[in-house]
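Contents: one structure, followed by commentary.
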2 protein chains.
Amino acid sequence: MTRAPQKRRLETRARLQEVAATIVQEQGYSGLRVEDVVARAGVAKGTLFSHFKDKDGLLAVLIGDEVMRLLDGMEAGDPPQDADELTARLAPHLDYVGQDRVIFDLLLRYSGTTAAEPDEVVTASFIRQVTLLTRWLQVLQTAGQIRQDQPPELLAEGIQAFLNHVLGVWFCMEHDDETPPARALAPYLQAWLQPAP
Amino acid sequence: MTRAPQKRRLETRARLQEVAATIVQEQGYSGLRVEDVVARAGVAKGTLFSHFKDKDGLLAVLIGDEVMRLLDGMEAGDPPQDADELTARLAPHLDYVGQDRVIFDLLLRYSGTTAAEPDEVVTASFIRQVTLLTRWLQVLQTAGQIRQDQPPELLAEGIQAFLNHVLGVWFCMEHDDETPPARALAPYLQAWLQPAP
DNA sequence: AATCAAAAATGACCGCGGTCAATTATAAAA
DNA sequence: TTTTATAATTGACCGCGGTCATTTTTGATT
């Protein structure tokens, strides 16, 4: 029987997470260094790794939280009325992930974990995202706005695939003036959701 | 005006690449260590990085070569007659990439580079793959086997997206007895290519 | 208050990728 | 042959993530 964590431990973990979030805000995700986190939190390096499996584990919490916040925004208001509106709703998520390759890599690494490690925030955020998408698609199917020959779950996973695709392409070029991921997404979703009578 | 490379240099590079390929064959891609490569090749560590930008640069050559070999096999014979046959033709590629996360990560990192660095083998392999897919899709469209309302280029890119999607999911679980990527791909392609009259 | 076992934290140490000023080999010019 | 510019190689060094045997702290028990 494992004992409940002591107060000190919870405080330490919270401090580590706060400090990490601050550094990310100052330097971005790519600028995050474990040594900086522990230095500013006033703990030893080993302590961080007793709270988080590895650096990715820490990032997963930070990013998971952020995705949850984005989902709050996405969920507010009525469901999208048609495919174009749905595409537009995904723009904030694309903008967020598109800002730093670190986010993309991490989400990809956790993106199929829907079963294992369900206690992780990032996993919960994934489940929530796919659930929300599925609900939206169901509504659009009922309204006759999109194809009805496929289950909404499959359509939702397909959208995830296209999201990652446009992001992958986005990170492969020096994105100076190129088409942002949000714009690149449209033709795929149009073709994917188009009604097939 | 940059001079032509000396014979010595070409030999060194070839040796490094051979040694690396051997180690990969023995230990797999994840087992490749730069220090091992230079030790067995009898050169200093710095030499490797004067021949390849970084470890990924070396991997890109090894993996690019392998993908080219796979494409040779794919291109042999007649183009697929229908969507299912096309799906089956992609299985060897999925099996190869699915064997090691290192391959997946690397290909993803280069997967949109179709424009920049066209001299890299891995980039050439990408162009070749998408070209081949496009050609096949065009044939299938003409034969009325798949949807004709979208350009074959878009359909080809969509297939890439689904390939990466099923691979991503594949790497996210302890793949003991789960459905292999090749089987997971079918429903997506079926829905993606289905004729829309 | 003294004792003790589990929890929490520590920091020296390691693995491994990548850098760069210094050194050596090469081939063309004098 | 000697000189000289540049191509090629070297290896000590660094950054950074991650480990683990050891030490310190904590809260319950006597």
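The analysis underlying the following values was restricted to heavy atoms, covering all of them including side chains, and did not include hydrogens, waters or symmetry mates. No experiment lies behind these values; they were computed from the predicted model shown. Convention: sequence-line order gives letters A, B, ...; per-chain numbering from 1.
Relative to the side chain of B:Phe49, the nucleotides C:dG11, C:dA9, C:dG17 differ in distance, and C:dG17 lies closest. Ranking C:dG18, D:dT26, D:dT9 by closeness to the A:Gln6 side chain, first place goes to D:dT26. In this structure, of C:dG11, D:dG18, D:dG11, it is C:dG11 that holds the atom nearest to the side chain of A:Ala44. Here C:dC16 is the nucleotide among C:dT10, C:dC16, C:dA9 with the atom lying nearest to any side-chain atom of B:Arg33. Closest approach to the B:Lys55 side chain among D:dG18, D:dT9, C:dG18 is made by C:dG18 (side chain taken as heavy atoms from C-beta onward). For A:Arg8, taking side-chain heavy atoms from C-beta onward, the closest of the listed nucleotides C:dC16, C:dG11, C:dA9 is C:dA9. The side chain of B:His51 sits closest to D:dT9 out of D:dT9, D:dG17, D:dA7.
A salt bridge links B:Asp72 with B:Arg128; the closest basic N to acidic carboxylate O contact falls under 4.0 Å.
We find that CG of A:Asp56 is positioned 14 Å from C1' of D:dC16, with the value rounded to whole Å. Note: CZ (B:Arg15) to P (D:dT9) measures 8 Å, nearest angstrom. Atom OH of B:Tyr29 is separated from atom C1' of C:dG17 by 19 Å (rounded to the nearest Å). Regarding B:Leu58, its CG atom lies at a distance of 10 Å from the P atom of C:dG18, rounded to whole Å. Spacing between atom CG of A:Leu48 and atom C1' of D:dC20 amounts to 16 Å, rounded to whole angstrom units. Atoms CG (B:Leu16) and P (D:dA8) sit 14 Å apart, rounded to a whole Å. Distance CG (B:Leu10) to P (D:dA7): 14 Å, rounded to an integer number of Å. A straight line from CD of A:Glu11 to P of D:dT26 spans 10 Å, rounded to a whole angstrom.
The base of C:dG17 sits with one of its N or O atoms less than 3.5 Å from a complementary donor or acceptor on the side chain of B:Lys45.
Mapping B:Lys7 and A:Val43 onto DNA chain C by nearest heavy atom places A:Val43 at the nucleotide closer to the 5' end.
When each of B:Arg135, B:Arg89, B:Arg69 is checked for a salt bridge (Lys or Arg N to Asp or Glu O under 4.0 Å) with B:Glu75, only B:Arg135 meets the rule.
Under 3.5 Å, the side chains of A:Glu157 and B:His165 contain a donor-acceptor pair of N or O atoms.
Counting non-hydrogen atoms under 4.0 angstrom, B:Leu32 reaches the backbone sugars and phosphates but no base. A:Thr12 comes within 4.0 angstrom of sugar-phosphate atoms only, judged by non-hydrogen atoms across all strands, and of no base.
Here A:Ser50 does not reach the OP1 or OP2 of C:dA8: none of its side-chain N or O atoms lies under 4.0 Å away.
For the pair A:Arg101 and A:Trp170, the cation-pi criterion (under 6.0 Å, within 45° of the ring axis) is not fulfilled.
The minimum heavy-atom distance linking B:Glu85 with B:Gln81 is given by the pair OE2-N, 3.4 Å.
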